[in-house]
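All chains are named by letter (A, B, ...) in the order of the sequence lines, taking the proteins before the strands, and each is independently numbered beginning at 1.
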Number of protein chains: 2
Amino acid sequence: MEDEILKAKNHFIQGMSRISNFWGFPKAMGAIYGAIYLSPELLSLDEIVEQVGVTKGSVSTNVRQLERLGMVHKKLQIGDRKDYYLPETDFWKIIKGILREREKSEFDLALRTVDESLEMVQEGGEENEKIIFYKERMGAMQSLFKTLDNLVSTLLALENLVSLSTLKNLLDKEERK
Amino acid sequence: MEDEILKAKNHFIQGMSRISNFWGFPKAMGAIYGAIYLSPELLSLDEIVEQVGVTKGSVSTNVRQLERLGMVHKKLQIGDRKDYYLPETDFWKIIKGILREREKSEFDLALRTVDESLEMVQEGGEENEKIIFYKERMGAMQSLFKTLDNLVSTLLALENLVSLSTLKNLLDKEERK
DNA sequence: TAGTATGTTTAGTTCTTTCTAAACATACTA
DNA sequence: TAGTATGTTTAGAAAGAACTAAACATACTA
């Protein structure tokens, strides 16, 4: 009985671990978030170690990364030397944090690289066939990245996750035009 | 002069390589796509080897993966034993292909795992405090995944990339409400 | 049929990331 | 101040992914 729900918790944590991995984060990071997310009480570092089954060192670094992404928050209890962690439960906030931290900079870099390549082609001199071709192809890629970059910026400006649900309707309407 | 635009090509290819890596694909895969994308003529496997500087084996497997994702297409010339490749230049098609192949299945799995965890909790018996808490937290996660899953489905139904650009305006309007 | 051109598979190496174990730093407690 | 509780850093081990080199398969050519 009590055993059933422990299994449920572990199943959930494993799921988080896998998702984390899929999104390019360490597996342990997802597992740790899962444990904190499913804990009614604030968790200390040692309690996380116990629940997730990785070492203190690993928890220490992963939890710091989680904090950087705004996925958990550290809370210090007065008169207690331990750090306690509680989960951020506003997923939209989390998604935006990750978009901002990671995706945005990578998109910018991608865009910049294409820009640079195009510039290099421009400097390549007179308009022979190849140069025209390169300009066209690179130009198309550039505009893809601009579109995506724009999209990310737009998402970042959104206030809440509900807006995303609204999206479906909006897009449905758009399609019907 | 000719040298300038060779450098531009390599810069571009390197960029593709990096992006590929960021999205969780092999670096070589992005580089190979870059080379095919920037070639005015169809490329044979050996020509790719030469341009990208990885081995035949690597090109063989990576190019197959690219084909599976619909990012390049194989074209057989009659009276020529070689396989030739040309790029898919419709990015929206590519994005949808990737969403369908990779993201969708991973989202489904994530959703399923959370569903299962919730079920396990339900079977955990009478409604004590902890069970109620778990139901709430897992339920919130479930609805996040449903929203995302829904969003992906919606995107997959879109006809073209331009719709995405339209998004900004749509969302802007929505925000102003 | 022997030889050649092409693409695929495979065994093993290399590279990168993440984790562990243990040393370390810090600061509180007696 | 010595001892203890806590978190961090680090050196190295383990694991996983991707690549290479070479063997292999296939099918065309002479």
Side-chain angles (χ1 to χ4, degrees), chain A residues 13-14 16-36 41-69 71-86 102 106, chain B residues 13-14 16-36 41-69 71-86 102 106:
Chain A
I13 287 177
Q14 278 214 274
M16 292 295 115
S17 171
R18 164 151 191 158
I19 294 160
S20 177
N21 184 239
F22 177 71
W23 289 105
F25 298 104
K27 279 194 299 216
M29 201 176 120
I32 291 167
Y33 177 76
I36 296 174
E41 286 89 29
L42 304 191
L43 285 183
S44 70
L45 197 145
D46 280 321
E47 285 164 336
I48 297 170
V49 167
E50 194 196 336
Q51 292 207 22
V52 177
V54 294
T55 56
K56 238 171 22 137
S58 177
V59 173
S60 175
T61 53
N62 278 302
V63 97
R64 186 145 17 103
Q65 173 71 349
L66 283 170
E67 222 199 343
R68 243 179 44 86
L69 291 173
M71 295 183 65
V72 305
H73 304 285
K74 195 186 285 196
K75 193 151 191 177
L76 304 168
Q77 310 275 34
I78 45 174
D80 188 338
R81 255 178 292 163
K82 291 183 197 153
D83 298 349
Y84 288 93
Y85 295 93
L86 78 162
R102 224 181 43 154
E106 197 64 25
Chain B
I13 288 178
Q14 279 216 272
M16 293 295 114
S17 173
R18 163 150 195 162
I19 292 161
S20 177
N21 185 240
F22 177 71
W23 289 107
F25 297 104
K27 277 194 298 211
M29 201 176 120
I32 290 167
Y33 178 77
I36 296 173
E41 287 87 29
L42 305 191
L43 285 185
S44 70
L45 197 144
D46 279 322
E47 286 164 334
I48 298 171
V49 166
E50 193 196 335
Q51 292 208 21
V52 178
V54 294
T55 56
K56 236 169 26 136
S58 176
V59 172
S60 175
T61 52
N62 278 302
V63 97
R64 188 146 14 105
Q65 173 71 347
L66 283 171
E67 221 198 344
R68 242 179 45 85
L69 290 174
M71 294 182 65
V72 304
H73 303 287
K74 195 188 283 197
K75 193 151 192 177
L76 304 168
Q77 310 274 33
I78 45 174
D80 188 339
R81 257 179 291 165
K82 291 185 197 151
D83 298 348
Y84 288 92
Y85 295 93
L86 78 161
R102 222 179 47 153
E106 197 64 24

Looking only at heavy atoms, what is the nearest atom pair of A/I13 and A/G34, with distance? CG1-C, 4.0 Å

If you only use heavy atoms from C-beta on, which nucleotide in D/dT20, D/dG7, C/dT18 is closest to the side chain of B/T55? D/dT20

Nearest 0.5 angstrom please: A/D83 CG to A/Q77 CD, how far? 10.5 Å

Measure from CZ on B/F22 to P on D/dA17 and round the result to the nearest Å. 19 Å

For D/dT29, what is the paired nucleotide under Watson-Crick or G-U wobble rules, both distances under 3.5 Å? C/dA2

Of the listed C/dC19, D/dC19, D/dT8, the closest approach to the A/P26 side chain comes from C/dC19

For DNA chain D, whose closest nucleotide is more 5', that of A/Y84 or that of B/G79? A/Y84

For D/dC24, give the paired nucleotide (Watson-Crick: N1-N3 plus N6-O4 or O6-N4; G-U: N1-O2 and O6-N3; both under 3.5 Å), or none. C/dG7

Whole-Å gap separating P (D/dT6) and CG (A/D80): 7 Å

Does the structure show a Watson-Crick or G-U wobble partner for D/dA17, both distances under 3.5 Å? Name it, or say none. C/dT14

B/S58 has a side chain; which of D/dT8, C/dC19, D/dC19 sits nearest to it? D/dC19

Round to a whole Å and report the spacing from CG of B/D83 to P of C/dT8. 6 Å

Could you tell me the separation between the CH2 atom of A/W23 and the P atom of C/dT17, rounded to a whole number of Å? 20 Å

Nucleotide of C/dT9, D/dG7, D/dT9 approaching A/T61 most closely (side-chain heavy atoms): D/dT9

Roughly how far, to the nearest 0.5 Å, is CD of B/E67 from OH of B/Y85? 6.0 Å

Determine whether A/E106 and B/R18 make a side-chain contact, defined as any pair of heavy atoms from C-beta on separated by less than 4.5 Å. yes

Rounded distance (Å) that lies between atom P of C/dG7 and atom CG of B/L43: 12 Å

Nearest-Å distance, CD1 (B/I32) to C1' (D/dT20)? 13 Å

A/S60 side-chain N/O to D/dG7 phosphate OP1/OP2 under 4.0 Å: no

Pick the closest DNA chain D nucleotide for A/Y85 and for A/N21 by heavy atoms, then say which residue is nearer the 5' end. A/Y85

Can you figure out which of C/dG7, C/dC19, D/dG7 approaches the side chain of A/K56 most closely? D/dG7

Taking CZ from B/F25 and P from D/dG16, how many angstroms apart are they, rounded to a whole number? 21 Å

Any side-chain N or O of A/R64 below 4.0 angstrom from OP1/OP2 of D/dG7? no

Can a donor-acceptor pair be found, under 3.5 Å and without considering hydrogens, that links the side chain of B/S17 to the backbone of B/G30? no

Compare the minimum distances between each of C/dC19, D/dT8, D/dC19 and the side chain of B/N62, then state the nucleotide with the smallest one. D/dC19

Would you compute the distance between atom NZ of B/K82 and atom CD of B/E47 and round it to the nearest 0.5 angstrom? 6.0 Å

A/R81 CZ - C/dT26 P separation (whole Å): 15 Å

